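In this text the structure is predicted, and so the values were computed from the model without any measurement.
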Amino acid sequence: MKIKRALISVSNKDGVVELAKRLHAAGVEIISTGGTMKAIKEAGIPVTYVSDVTGFPEIMDGRVKTLNPFIHGGILAVRDNQEHLNQMQEHNIKGIDLVVVNLYPFKETIAKPDVELAEAIENIDIGGPAMIRASAKNFKFVTVVTNPARYEAVATQVEEQGEVDYKLRMQLAQEAFAHTADYDTAIKNYLAKVMEQGAEA
């Protein structure tokens, strides 16, 4: 699948501006959120705010921003299913071909010696894992990147071929599911420890 549109929303911003620069130069439209959008915009790269895509503001302190059919429909649509394509057209949903997401720093947060339960809970990412899992599920058509170490390989393929090959898309999907599994395991283990200590939010 030719990569025409990318959604970039990262907690770890290492290398993200350079990636955005290369994607833009390759003709890819970029959608982004909050701090990521600010970093991309400050580098002089055109970027569309996710709220301009969804028609809805980021709400509840950022808890709800990408959980929207304009985002998830764009990611999950099966591009060789005519019914899906008809529904995209009917609801004015544009495809999202590349999703670059990494998650709120939960492990780093709970590693702080004086962390409160409420702070830890606010660092449980919801929209990020949802986008990662949706993209990984639909790897036949969508490329998902959760590790900045993969930016070079992805950018190079987009520059040279206009798309990411099937083998790499499948590898990236596997890495994405490993990433969310590890993340959820860390949350599960932390909550179990808190329960043992009898703490309350």
Count I, L, V, M, F, W, Y as connected when their side-chain heavy atoms are under 4.5 Å apart, and connections chain through other members. Are Tyr166 and Leu98 then in the same cluster?
no
For residues Lys94 and Met88, determine if any side-chain heavy atom of one lies less than 4.5 Å from a side-chain heavy atom of the other.
no
Residues pairing under ring-ring contact (aromatic ring centres under 6.0 Å, His included) where one sits in residues 63-102, two or more places apart or in two chains, turn out to be none
Verify the cluster assignment for Leu117 and Ile126: are they in a single hydrophobic cluster under the rule of side-chain heavy atoms below 4.5 Å apart?
yes
For Gln82 and Asn86: C-alpha separation, side-chain torsions, deciding distance, then whether side-chain hydrogen bond (donor to acceptor under 3.5 Å, both in side chains) applies.
CA-CA 6 Å; Gln82 192 56 51; Asn86 291 345; 2.9 Å; yes
Sequence neighbours excluded, which residues qualify as ring-ring contact (aromatic ring centres under 6.0 Å, His included) partners of Tyr183?
none
Students should find that the hydrophobic cluster of Phe177, defined by side-chain heavy atoms under 4.5 Å apart, otherwise consists of none
Side-chain atoms of residues 138-151: list all donor-acceptor pairs with protein atoms under 3.5 Å, sequence neighbours left out, distances to 0.1 Å.
| from | atom 1 | to | atom 2 | distance (Å) |
| --- | --- | --- | --- | --- |
| Asn138 | ND2 | Ile75 | O | 2.8 |
| Asn138 | ND2 | Leu76 | O | 3.4 |
| Asn138 | ND2 | Ala77 | O | 2.9 |
| Lys140 | NZ | Asp80 | OD2 | 3.1 |
| Asn147 | OD1 | Ala149 | N | 2.9 |
| Arg150 | NE | Glu175 | OE1 | 3.3 |
| Arg150 | NE | Glu175 | OE2 | 3.1 |
| Arg150 | NH2 | Glu175 | OE2 | 2.5 |

We want to know whether Glu152 and Thr156 form a side-chain donor-acceptor pair, criterion being a heavy-atom distance below 3.5 angstrom.
yes
Given Val53, which of Ile96, Ile71, Ile93 fulfils the side chain to side chain contact (heavy atoms under 4.5 Å, CB included) condition?
Ile71
Across all chains, not counting sequence neighbours, the salt bridge (charged side-chain N to carboxylate O under 4.0 Å, His left out) partners of Glu108 are none
What residues form a salt bridge (charged side-chain N to carboxylate O under 4.0 Å, His left out) with Arg133, not counting sequence neighbours?
none
Between Lys4 and Glu29, does any NZ, NE, NH1 or NH2 come within less than 4.0 Å of an OD or OE carboxylate oxygen?
no
Could you work out, with salt bridge (charged side-chain N to carboxylate O under 4.0 Å, His left out) as the rule, every residue matching Lys167, not counting sequence neighbours?
none
Mind jotting down which residue pairs meet the ring-ring contact (aromatic ring centres under 6.0 Å, His included) criterion with at least one end in residues 16-39? Sequence neighbours excluded, please.
none
Just checking, is any N or O donor in the side chain of Tyr49 or Glu58 under 3.5 Å from an acceptor N or O on the other one?
yes
For Asp182, the salt bridge (charged side-chain N to carboxylate O under 4.0 Å, His left out) test, sequence neighbours excluded, returns Lys107
Sorted by chain and residue number, the side chain to side chain donor-acceptor pair (under 3.5 Å) partners of Gln89 (sequence neighbours excluded) come out as none
The criterion is side chain to side chain donor-acceptor pair (under 3.5 Å); which residues satisfy it with Lys112, sequence neighbours excluded?
Glu119
Show me, pair by pair, the donor-acceptor contacts under 3.5 angstrom made by side chains of residues 8-20, not counting sequence neighbours?
| from | atom 1 | to | atom 2 | distance (Å) |
| --- | --- | --- | --- | --- |
| Ser9 | OG | Thr33 | OG1 | 2.6 |
| Asn12 | OD1 | Asp14 | N | 3.0 |
| Lys13 | NZ | Val10 | O | 3.0 |

Could you tell me whether Arg79 atom CZ has more than 12 heavy atoms of other residues or ligands within 6.0 Å of it?
yes
Is there a donor-acceptor pair closer than 3.5 Å between any side-chain N or O of Gln157 and the backbone N or O of Asp165?
yes
